[in-house]
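Taking it in order: structure first as structure tokens, then the write-up.
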There are 2 protein chains.
Amino acid sequence: MARDRKETEQRLVEAAGRVLARDGFKKLGVNAIAREANLDKVLIYRYFDGLSGLIDAYARQGDFWPSTEELLGEDLAEFKQRSLSDQLSQIVDNYAAGIRRRPLTLQILAWEMVERNELTMHLEKVREKSGAKLFEWVWYDDKATADSQIDIEALMTLFSACTNYLAARSTSIRVFNGIDISEEDGWQRLTNMMKKICHSLL
Amino acid sequence: MARDRKETEQRLVEAAGRVLARDGFKKLGVNAIAREANLDKVLIYRYFDGLSGLIDAYARQGDFWPSTEELLGEDLAEFKQRSLSDQLSQIVDNYAAGIRRRPLTLQILAWEMVERNELTMHLEKVREKSGAKLFEWVWYDDKATADSQIDIEALMTLFSACTNYLAARSTSIRVFNGIDISEEDGWQRLTNMMKKICHSLL
DNA sequence: TTGACAAGTCACCATTTGGTGACTAATTTG
DNA sequence: CAAATTAGTCACCAAATGGTGACTTGTCAA
């Protein structure tokens with residue numbers, strides 16, 4: 001192999017991602033990453049000043065969260081035309097699909113339950129920004145929101161908490177509370193319920 | 001100290017509980033427990049055949065989940081008189097309060113996200129039984145349930161998933177999605193929202 | 001009181017972890 | 001071409017982990 005620092009760094013970062021996705025964060029250590037990358041762990045210290053630095057570099061280049069377009073759909077102008085409950089319904093659907101298709105995000109969501117580190121803090125920030133952006137697109141524009149006595153923030157917290165939890169848990173169990181969260185139908189029941197709530201409440 | 005197997009076993013079990021509550025499951029190992037109990041770790045192997053056995057013994061004697069009375073209230077006869085939405089509202093309130101006041105349960109809920117073991121499997125079973133019992137008390141008796149096109153199972157899954165997630169997360173972060181889950185008011189907003197949903201849906 | 005068994009102590013093992021210093025070999029720069 | 005810099009290898013360290021064998025000491029029954 002050629003001696004190329006950039007490439008080596010990249011290989012380490014990618015190896016970290018693979019270990020995380022495959023074995024979960026419990027096994028994510030310098031030894032495991034170096035082994036996975038077929039490189040010496042000393043390079044992790046030299047190039048990234050340790051595991052934290054590597055994880056930090058990884059966080060910067062990963063795609064861990066559904067983008068605004070992913071949540072709202074391509075046609076933003078059209079989205080704005082819809083009713084509030086339709087908007088929220090769409091977000092609910094896309095959000096669940098968006099995080100479920102990201103195995104690494106599910107790992108990090110589980111990780112968050114246990115400790116804070118570069119990756120989980122990165123995800124926290126991304127999530128915060130994403131939330132704020134959504135806020136701009138949706139409820140600020142809708143006059144009905146202010147009037148309706150509905151605590152939209154609480155509602156969306158309810159939905160996202162439930163989705164995060166069940167999506168993360170679905171990596172290790174199939175059934176929760178009688179619902180098969182490993183299959184599409186189970187999720188259909190859940191997202192349908194959320195959409196029903198949106199329409200019944202707003 | 002007197003030589004008393006029963007007492008020693010008890011001391012080990014309690015030490016395990018203290019380590020779990022204080023340091024979380026990441027630090028729950030034979031060494032840490034023995035240290036905490038001021039006993040030799042070999043006793044864990046002799047009396048419990050290892051960590052799994054100890055944890056199993058611990059699971060058997062712990063109070064990890066709100067009882068039916070805790071969820072439905074003292075007066076079961078009176079409970080049955082209420083409307084379905086009132087019943088669910090009450091359960092929602094008591095459930096959140098019930099798990100939030102159990103620090104060990106919050107640790108186990110976090111643990112569940114990461115791996116299955118005696119404790120998490122025990123909790124799974126307890127939860128399952130509790131769910132079935134509730135089911136008997138509530139919806140089976142209510143004729144409206146069958147008629148209403150509402151997927152009650154999905155609704156309760158939504159609520160419990162959200163509650164589990166935020167309660168467990170509140171051990172390490174204060175604010176989620178703009179809501180202060182470390183304080184009573186934040187939880188008020190959430191449970192109010194859930195109750196509002198119950199009443200609007202049923 | 002003496003013997004047997006159980007309770008508890010202690011020293012040790014292999015393995016894994018994060019982390020470092022010293023080396024060799026390749027590449028760039030003058 | 002030579003010197004200096006940098007990439008990568010290797011051998012090691014201390015600490016902590018789970019786990020075991022052999023020992024001593026207390027307790028209880030015959």
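Order of the sequence lines fixes the chain letters, A, B, ..., with proteins taken first and strands second; residue numbering starts at 1 for each chain. Bear in mind that the values here come from a model prediction, so they are computed numbers and not experimental data.
- With a 4.5 Å cut-off on side-chain heavy atoms, A:Phe64 and A:Ile99 do not count as touching.
- The interatomic distance linking B:Phe25 (CZ) with D:dT17 (P) rounds to 16 Å, in whole Å.
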Where protein sits on nucleotides 11-23 of chain C, one letter per nucleotide: B base, S sugar-phosphate only, - none, heavy atoms under 4.0 Å
------BBBBB--
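- Applying the 4.0 Å criterion to OP1 and OP2 of C:dA7, one finds that B:Arg5 has a side-chain N or O inside that range.
- A search for side chain to side chain donor-acceptor pair (under 3.5 Å) contacts involving A:Arg127 returns A:Glu112, not counting sequence neighbours.
- In this structure, A:Lys26 atom NZ and D:dT17 atom P are separated by 13 Å, rounded to whole Å.
- A donor-acceptor contact shorter than 3.5 Å is absent between the side chain of B:Trp187 and the backbone of B:Ala96.
- Between the CZ atom of B:Phe48 and the P atom of D:dG19 there is a distance of 15 Å, rounded to whole Å.
- Taking atom CZ on A:Arg3 and atom P on D:dT5, their separation rounds to 16 Å, with Å as the unit.
- Applying the side chain to side chain contact (heavy atoms under 4.5 Å, CB included) rule to B:Asp75 yields the partners B:Ala77, B:Glu78; only residues at least two apart in sequence or on another chain are considered.
- Remark: aromatic rings of A:Phe159 and A:Tyr95 are distant, center separation not under 6.0 Å.
- If you check the side chains of B:Gln107 and B:Trp111, you find no donor sitting under 3.5 Å from an acceptor.
- The side chain of B:Tyr47 places no N or O atom within less than 4.0 Å of a non-bridging phosphate oxygen (OP1 or OP2) of C:dA6.
- Within the structure, a side-chain polar atom (N or O) of B:Thr8 is placed less than 4.0 Å from OP1 or OP2 of C:dG8.
- Taking atom CD1 of residue A:Ile44 and atom C1' of nucleotide D:dG8, one finds them 13 Å apart after rounding to whole Å.
- One atom, CG of B:Leu43, and another, C1' of C:dG8, lie 6 Å apart when rounded to the nearest Å.
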